[in-house]
**Q** 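Before anything else, here's the structure in question.
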There are 2 protein chains.
Amino acid sequence: MTDDIPHIVIGRLPIYLRALTRMAEEYDQKTTSSHELGEQLGISSAQIRKDLSHFGEFGKQGTGYHIGYLIDQLQQILNLHVEWDVAVIGAGHLGHALANYNGFGHRGFRIRWIFDNDPAKVGQKTNGLVVQHIDELEETIKEHGAAIAILAIPAKSAQDVTDRLVKMGIKAILSYAPLHLSVPDGVEVSYSDPVTEMQRMTYYLTPK
Amino acid sequence: MTDDIPHIVIGRLPIYLRALTRMAEEYDQKTTSSHELGEQLGISSAQIRKDLSHFGEFGKQGTGYHIGYLIDQLQQILNLHVEWDVAVIGAGHLGHALANYNGFGHRGFRIRWIFDNDPAKVGQKTNGLVVQHIDELEETIKEHGAAIAILAIPAKSAQDVTDRLVKMGIKAILSYAPLHLSVPDGVEVSYSDPVTEMQRMTYYLTPK
DNA sequence: TAGATTGTTAATCGATTAACAATC
DNA sequence: TAGATTGTTAATCGATTAACAATC
């Protein structure tokens, strides 16, 4: 796939999609403008128009964007017209929280498997899912084919599990483990470490 | 506080801190170089040196950086020489996961309160914390003073709660709610929405 | 001394913004 | 028609990188 669209632009598309969906569902709004959308998100209207212009012409002079149409286009661009099966690795508190979060379904994802290496957790049911032993990982992925995994395990074992996931063809990993993961080209990784985020913010705070 | 150091630089400091801590604790390493650190993190050595140079001269030509000293300096810069009290809003699965996560303590934070608006959850104990009713928010913050809150509640009520937090003087918010929050200048917000992250990654994936 | 690595400068690269013709 | 807003261009702004003198 030809790709010279900046990563940073791609990263904003889901933000636009989220805001547009909210306008449609919460406020039953039919159209919007780059100005209104930008105001709502703290982003300049010029940037929004520039970002969208990488992919086509979705608006009309004078009236702006039809929300339903733009939502549909963004979903197409982001490959969200299919539902993605997701494997959760780790059945601790966070793994359970992910398995029980009902915000995935309407936005393109379904948690389908949850794994743990603790025999005491294997067999537990959570939101209709049964915790499988991590050693069934390879077999399960081979059988069903999965592209996305979420890592909800300690840093210690995260790189090992990542290597196994990559070996099985996983192409996107969302990691809650507090460390940098090494992956080959072609594998996407997103990091979500609450402490790192908070440490960034404390820079701007004054200790009491 | 004078501040023309780019946000993006501040955002990398906790990443450096995390990697350095790992070198020290996991591998008992005493020194490192910008080259080694960069290799480990997928960041250029020039960028690391440039970033650090905003704050002082921490290395020695020929030998690199003393890890313990650099860790200490980064902690000072990020205001992590004090421990920050954190309020968690929302005692659902995610709120409980946060309350039980043991990765905060060693990195500068302590979850001290957890709130919910569901009477059925108020009074529940989790990891030594008792869930308080959200209506006790103002009183509790007024009494103890808190600067950081984590939002683990649905989008619907997130802006309302944010307004209340800001009113009480909260200066940093880590939000797991899938929406953009409006806050006045001087209040830091970090977003952590797993779906947004995954939607960014699916752009690069090929639907099967 | 020889080798390694810093901190910094200048050049390059990339992203954001202002402005506006086009047009609904 | 008058007003609003797009998509795009060029200018500005900011971040990254390459290179190297300084020096441990």
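Letters A, B, ... mirror the listed sequences (proteins, then strands); counts begin at 1.
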**Q** Looking at B:H7 versus A:Y203, is the centre-to-centre ring distance below 6.0 Å?
**A**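 For B:H7 and A:Y203, the ring centres are not under 6.0 Å apart.
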
**Q** Is it true that A:E138 and A:R164 make a salt bridge, defined as a side-chain N closer than 4.0 Å to a carboxylate O?
**A**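 Here A:E138 pairs with A:R164 in a salt bridge, since their nearest N and O are under 4.0 Å apart.
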
**Q** Of all heavy-atom pairs between A:L74 and A:L52, which one has the smallest distance, and what is that distance?
**A**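 Here A:L74 and A:L52 meet closest at CD2-CD2, 4.2 Å.
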
**Q** Let me have the donor-acceptor pairs involving side chains of residues 93-102 of chain B, under 3.5 Å, with sequence neighbours excluded, atom names and distances please.
**A**
residue, atom, partner, partner atom, Å
B:H96, ND1, B:T126, OG1, 3.1
B:H96, NE2, B:A91, O, 3.1
B:H96, NE2, B:Q124, OE1, 3.2
B:N100, ND2, B:H96, O, 2.7
B:N100, ND2, B:T126, OG1, 2.8

**Q** Given the rule that a pair is Watson-Crick or G-U wobble with both distances under 3.5 Å, how would you write DNA chain C in dot-bracket, using | for pairs to a different strand?
**A** ..||||||||||||||||||||||

**Q** Mind checking whether A:Y204 and B:N79 have side chains closer than 4.5 Å, heavy atoms only?
**A**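 Sidechains of B:N79 and A:Y204: no contact.
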
**Q** Which heavy atom of B:R107 sits nearest a heavy atom of B:L80, and at what distance?
**A**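 Closest approach of B:R107 to B:L80: O-CD2, 4.1 Å.
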
**Q** What residues from residues 38-51 of chain A pass a heavy-atom cutoff of under 4.0 Å to DNA chain C?
**A**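 A:S44, A:A46, A:Q47, A:R49, A:K50, in order of number.
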
**Q** Using chain A heavy atoms and a threshold of under 4.0 Å, write down where along DNA chain C the contacts begin and end, 5' to 3'.
**A**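 Extent of the interface on DNA chain C: C:dA15 to C:dC24.
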
**Q** With the threshold set at under 4.0 Å for non-hydrogen atoms, list the residues of residues 18-34 of chain B touching DNA chain C in residue-number order.
**A**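 Those residues are B:S33, B:S34.
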
**Q** Tell me whether A:S44 contacts the main-chain N or O of A:Q47 through its side chain, where contact means a donor paired with an acceptor under 3.5 Å.
**A**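 Indeed, once roles are kept as given, a pair shorter than 3.5 Å links the two residues.
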
**Q** Indicate every side-chain donor-acceptor pair of residues 142-149 of chain A with a distance under 3.5 Å to a residue at least two apart or in another chain.
**A**
residue, atom, partner, partner atom, Å
A:H144, ND1, A:T140, O, 3.3

**Q** Verify, without hydrogens or angle tests, whether A:S175 (side chain) and A:L151 (backbone) share a donor-acceptor contact under 3.5 angstrom.
**A**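 No; zero donor-acceptor contacts below 3.5 Å.
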
**Q** Under 3.5 Å, side chain of A:E197 to main-chain N/O of B:L174, donor-acceptor pair present?
**A**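 No, the answer is negative, given that no donor and acceptor are paired below the 3.5 Å cut-off.
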
**Q** Can you check whether B:D193 reaches B:Y176 side chain to side chain, under 4.5 Å on heavy atoms?
**A**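 Side-chain contact under 4.5 Å: no.
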
**Q** Report yes if some heavy atom in the side chain of B:Y65 is under 4.5 Å from a heavy atom in the side chain of B:T31; otherwise report no.
**A**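 With C-beta onward as the side chain, the pair stays apart.
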
